[in-house]
Amino acid sequence: MNRSEVTERIMESKIQNGIRWSDVATVLGGSKEWVTAACLGQMAFTAEQAAQVAAIFKLPHKAIAVLQVPVARGTLDTPVPSDPLIYRLYEIVSVYGTTLKELIHEEFGDGIMSAIDFRMEVVRQEDDAGDRVGITMSGKFLPYKPY
């Protein structure tokens with residue numbers, strides 16, 4: 001059993017049993033964003049979390065070990081994503097990436113925003129013109145150091 005197979009079983013169980021990511025996050029005591037990423041194979045669970053995920057999604061016992069293995073993060077099936085929602089996020093970075101980089105450098109100096117020491121929140125924002133998607137990303141600033 002590999003990570004892709006475990007992810008596929010998680011998704012099958014989620015659909016068949018009407019499980020919500022926010023409910024899984026509540027059981028695990030984490031954010032719905034991180035827990036969802038982990039269930040989709042982008043993060044590794046602790047032993048305790050892996051056992052809880054296996055119970056929630058009715059996974060075989062051997063999946064518990066697989067859920068704890070460090071993963072290849074940030075992998076997509078194609079260099080430019082074709083899924084419309086993921087493509088729009090890619091497009092946002094393509095259009096506004098240089099703006100974000102310039103503003104971060106102006107505010108913090110020469111460095112990067114960590115994707116390791118990172119938080120994210122996705123919320124629904126009610127709007128009379130149609131509900132909006134609110135995405136907040138917060139990463140620790142890591143300055144480049146001379147050596």
Report task. For residues 46-55, pull every pair meeting side chain to side chain donor-acceptor pair (under 3.5 Å), keeping only residues two or more places apart or in separate chains. Result -> Thr46-Gln49
Report summary line: Residue pairs meeting side chain to side chain donor-acceptor pair (under 3.5 Å), one or both in residues 60-69, sequence neighbours left out, come to none
Report task. Taking atom CZ of Arg119 as the centre, report whether more than 12 heavy atoms of other residues, nucleotides or ligands fall under 6.0 Å from it. Result -> no
Query - Glu126 CD: over 12 foreign heavy atoms closer than 6.0 Å - result: no
Could you list the cluster mates of [X]? Members are the ILVMFWY residues connected by side-chain heavy atoms closer than 4.5 Å, either directly or through other members.
X: Ile64; value: none
X: Phe108; value: Ile104, Phe141
X: Leu59; value: Met1, Val6, Ile10, Met11, Ile19, Trp21, Val24, Val27, Leu28, Trp34, Val35, Leu40, Met43, Phe45, Val53, Ile56, Phe57, Val66, Leu67
X: Tyr144; value: Ile112, Leu142

hydrophobic_cluster_shared for [Y] and [X], side chain cutoff 4.5 Å:
X: Ile92; Y: Val123; answer: no
X: Val133; Y: Leu100; answer: no
X: Phe118; Y: Ile135; answer: yes

Under the rule for side chain to side chain donor-acceptor pair (under 3.5 Å), what residues qualify as partners of [X], not counting sequence neighbours?
X: Ser114; answer: none
X: Arg9; answer: none
X: Thr7; answer: Arg3
X: Asn17; answer: Ser13

Report task. Drop me the distance from Thr36's OG1 to Gln42's CD, to the nearest 0.5 angstrom. Result -> 12.0 Å
Report task. Working to the nearest 0.5 Å, report the span between NZ of Lys101 and CE of Met113. Result -> 13.0 Å
Report task. With sequence neighbours excluded, give me every ring-ring contact (aromatic ring centres under 6.0 Å, His included) pair touching residues 65-100. Result -> none
Query - Contacts of type side-chain contact (heavy atoms from CB on, under 4.5 Å), residue Arg20, not counting sequence neighbours - result: Ser22, Asp23
